[in-house]
Number of protein chains: 2
Amino acid sequence: MNSPQRMRRATIRDVARAAGVHPSTVSRALGNGGQANALVNAETRARILRIAAELNFRPDIAARTLKTGQSHTVGVLLPDLTNPLFPPIVRGLEDRFAEDGFVVLLGNTDDDAQRGELVLEGLLSRGVDALVVATARRDGTQFLELSRRLPIVLINRVFDDQLVPSVATDEVAGVRMAVEHVYRLGHRRIAHVAGPQDLSTGRNRYRGYVAEMGRLGLTVEDSMVCRAGLYSPDEGSRCARELLQGPHERPTAIVAANDMLAIGCYQALHALGLNCPEDVAIVGFNDAPFSDLLSPPLTSIRFPHYQVGLEAAQLVLERIGDPSAPIKVIFLPPELVVRGSTCTKSTT
Amino acid sequence: MNSPQRMRRATIRDVARAAGVHPSTVSRALGNGGQANALVNAETRARILRIAAELNFRPDIAARTLKTGQSHTVGVLLPDLTNPLFPPIVRGLEDRFAEDGFVVLLGNTDDDAQRGELVLEGLLSRGVDALVVATARRDGTQFLELSRRLPIVLINRVFDDQLVPSVATDEVAGVRMAVEHVYRLGHRRIAHVAGPQDLSTGRNRYRGYVAEMGRLGLTVEDSMVCRAGLYSPDEGSRCARELLQGPHERPTAIVAANDMLAIGCYQALHALGLNCPEDVAIVGFNDAPFSDLLSPPLTSIRFPHYQVGLEAAQLVLERIGDPSAPIKVIFLPPELVVRGSTCTKSTT
DNA sequence: GGAGCGGTTGCAAACGATTGTAAGTTACAC
DNA sequence: GTGTAACTTACAATCGTTTGCAACCGCTCC
């Protein structure tokens with residue numbers, strides 16, 4: 001319980017001495033190198049393991065890293081952990097990585113190129129074995145360059161030329177599900193509160209809306225689309241008013257590009273004395289944690305963020321194992337969560 | 001642009017050769033050791049720095065760590081990053097650490113002792129220079145033990161004997177602010193929907209309620225307190241009904257131990273045909289991101305989570321710099337955010 | 001002119017693990 | 001009885017950096 005050398009951690013040499021073998025034998029016995037089983041006698045191995053446990057031995061990863069060049073560490077670059085999108089993704093990454101003894105080094109860039117460069121430096125000099133990149137900057141050239149040297153997996157962002165492995169959610173498919181959902185409920189005048197068009201999310205979701213309307217044989221009228229400048233309730237409210245108060249026939253359903261915008265739609269409906277879902281059905285996007293707390297609970301599109309993390313980690317591990325593994329680009333489908341804002345017979 | 005040895009990173013020896021000096025001189029010139037300025041001629045130093053930059057040299061942290069025993073890495077142990085409480089804290093930690101060239105290694109324990117042990121092992125064997133611990137388990141004995149070997153800072157949790165540096169929000173003060181707030185608005189029958197009493201948060205908040213009621217000269221009636229079994233809207237609703245429907249005189253204000261519970265109170269009020277804030281005022285706790293989206297917007301107590309991270313990092317750095325630095329225990333005060341659920345003349 | 005002294009730089013030994021290769025053992029077959 | 005193969009284990013070099021110590025240089029001062 002009170003081992004004598006409590007102050008300094010036991011090294012592989014201490015174990016070797018205690019077991020009466022050479023350090024190299026201990027190293028092989030612990031088999032963290034990989035080719036453990038064959039190179040050392042079963043009994044010796046058992047003895048070593050026992051003694052190592054007794055001495056509370058833990059290999060010094062820095063030493064191993066120096067020797068092998070493998071840090072068992074993966075850098076994760078993201079704009080801002082505070083964005084609720086990311087925690088589940090990071091969780092997914094960590095959970096999968098933990099299975100293989102990898103650990104995550106976080107770096108927040110705030111979408112600031114300079115800070116991003118600094119953080120990247122820090123990660124690289126710590127010898128990360130791979131990089132998971134979720135920063136949104138458009139020019140990924142530096143990562144293309146880097147990806148020749150170490151495995152890189154992109155998250156929520158694919159390069160157009162698809163030369164880099166990536167995992168993303170299928171936003172277009174998400175909006176299409178939303179539109180189809182209200183269509184099936186009988187709605188034909190389906191409006192869209194679009195997000196900021198300078199963000200990829202805003203653009204993609206708008207595209208999805210247009211695509212699905214087309215598929216359903218509905219025409220996209222200008223008066224049925226309003227572009228929000230921000231993902232905020234206020235902008236959502238403004239857009240909803242515009243859509244609902246125009247001279248044209250009123251829409252009976254609104255597909256919002258985001259839950260925040262959907263909340264704004266609620267406020268607008270309320271102000272105009274309209275009911276949801278009776279007068280106007282509303283569909284949000286993202287299924288934020290509070291979506292089911294609204295009244296009525298908001299029908300929304302949920303993304304498997306945790307899964308994204310899981311898959312990205314999987315991809316990383318595959319490529320670490322075999323750097324020439326095929327470059328995969330994975331799209332994860334979203335899920336439609338139906339709640340009271342589109343169906344009167346709501347659950348709960 | 002296309003340096004010859006692009007595949008292997010330049011080492012300190014490469015720089016030395018290019019500069020015509022000994023590696024040790026380069027090491028000193030780069031001065032990452034600390035005592036840079038004095039030991040090497042200014043001109044030589046300039047030349048070395050220039051060449052190092054040209055060669056795109058980045059020190060191998062693993063090697064440095066092995067030699068110096070300092071990894072410039074801090075482990076952060078928390079139950080679940082997905083809990084919205086944590087991202088801002090982690091952000092705060094990272095931001096402060098980044099200033100000093102430290103980086104954060106995350107470990108999620110899920111409040112599972114076994115997993116926690118495993119994660120801790122992983123962090124320790126990676127030679128973290130310090131630990132920030134936010135896991136909630138009651139027995140911190142292992143950390144007390146550990147804290148003799150490396151700096152440990154506790155977050156949102158202080159040991160009763162205060163032998164460990166820690167940063168926490170002052171929950172008791174928070175509830176007191178909430179109670180005082182409604183008192184000032186004229187309420188005298190102030191009820192409390194308490195959180196689970198087996199969680200420190202639940203207990204502390206309950207204590208705060210009792211303390212402030214006492215200070216205000218109000219008696220705490222049993223019928224004015226209801227204990228929720230979970231931090232969920234359903235439990236909040238159950239408790240609110242119990243408080244509002246009992247045989248006793250109805251409370252005019254409810255201080256909930258958590259925003260989730262407060263949402264439950266909303267639902268109960270709605271079901272009973274009562275209005276908020278006219279009939280009953282409600283105060284939440286935590287100021288969750290959705291609190292201002294509710295109708296009416298929820299008055300709540302906001303905690304400076306980001307600040308907690310900042311302060312914790314500061315504490316860690318202080319103790320790394322001087323392990324015998326005094327043990328500080330920092331309480332950060334919360335902030336009362338007044339919204340529509342307590343005042344009819346609500347902002348927005 | 002030699003001792004002493006800053007100011008610089010080189011030398012070499014670490015840090016703790018991994019791993020190719022050599023050496024030792026045993027058993028077996030010829 | 002020895003050659004061979006299969007197993008085990010020991011040896012020693014190595015990863016890239018830091019750092020105590022020695023060495024060197026050009027001075028000044030006695």
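Lettering of chains follows the sequences in order, A, B, ..., and the numbering in each one begins at 1. Computation of the quantities below employed the complete heavy-atom set of this structure, encompassing side-chain atoms and omitting hydrogens, waters and symmetry-equivalent molecules.
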Figure out the [atom1]/[atom2] separation between [X] and [N], and round it to whole Å.
{"X": "B/H22", "N": "D/dG20", "atom1": "NE2", "atom2": "C1'", "answer": "14 Å"}
{"X": "B/R126", "N": "C/dG16", "atom1": "CZ", "atom2": "P", "answer": "18 Å"}
{"X": "B/F57", "N": "D/dT18", "atom1": "CZ", "atom2": "C1'", "answer": "12 Å"}
{"X": "A/R17", "N": "C/dG16", "atom1": "CZ", "atom2": "P", "answer": "11 Å"}
{"X": "B/Q70", "N": "D/dG16", "atom1": "CD", "atom2": "P", "answer": "22 Å"}
{"X": "A/H72", "N": "C/dA17", "atom1": "NE2", "atom2": "P", "answer": "15 Å"}
{"X": "A/R47", "N": "D/dT9", "atom1": "CZ", "atom2": "C1'", "answer": "11 Å"}
{"X": "A/R58", "N": "C/dA17", "atom1": "CZ", "atom2": "P", "answer": "12 Å"}

Among the candidates [options], find the nucleotide nearest to the side-chain atoms of [X].
{"X": "A/T25", "options": "D/dA10, C/dG10, D/dT17", "result": "D/dA10"}
{"X": "B/S24", "options": "D/dA10, C/dG10, C/dG16", "result": "C/dG10"}
{"X": "A/R13", "options": "D/dC11, C/dA17, C/dC11", "result": "C/dA17"}
{"X": "B/R28", "options": "D/dT17, C/dG16, C/dG10", "result": "C/dG10"}
{"X": "B/K67", "options": "C/dT9, C/dA13, D/dA10", "result": "C/dA13"}
{"X": "A/N41", "options": "D/dT9, D/dT17, D/dT14", "result": "D/dT9"}
{"X": "A/I12", "options": "D/dT19, C/dA14, C/dT18", "result": "C/dT18"}
{"X": "A/T44", "options": "D/dT8, C/dA17, D/dT18", "result": "D/dT8"}

Sidechain N-carboxylate O distance under 4.0 Å for [X], [Y]:
{"X": "B/E43", "Y": "B/R47", "value": "no"}
{"X": "B/D95", "Y": "B/R91", "value": "yes"}
{"X": "B/E311", "Y": "B/R96", "value": "no"}

Next item on the list: Could you label the plane-to-plane angle of the A/F97 and A/F102 rings as parallel, tilted or perpendicular, counting under 30° as parallel and over 60° as perpendicular?
Entry: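 Because their plane-to-plane angle lies in the 30° to 60° range, the rings of A/F97 and A/F102 count as tilted.
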Checklist line | Over all atoms of both residues, closest heavy-atom pair of A/P151 and A/I320 | finding: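 Where A/P151 meets A/I320 most closely, the heavy atoms are CG-CG1, 4.0 Å.
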Next item on the list: Would you kindly check whether a donor in the side chain of A/T11 faces an acceptor in the base of C/dC15, or vice versa, at under 3.5 angstrom?
Entry: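 Donor-acceptor pair under 3.5 Å: no.
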Margin query: Both B/L66 and B/V21 contact DNA chain C. Which one's nearest nucleotide lies toward the 5' end?
Written below: B/V21
Next item on the list: Would you please confirm or rule out a distance under 4.0 Å between OP1 or OP2 of C/dT18 and any side-chain N or O of A/R64?
Entry: yes
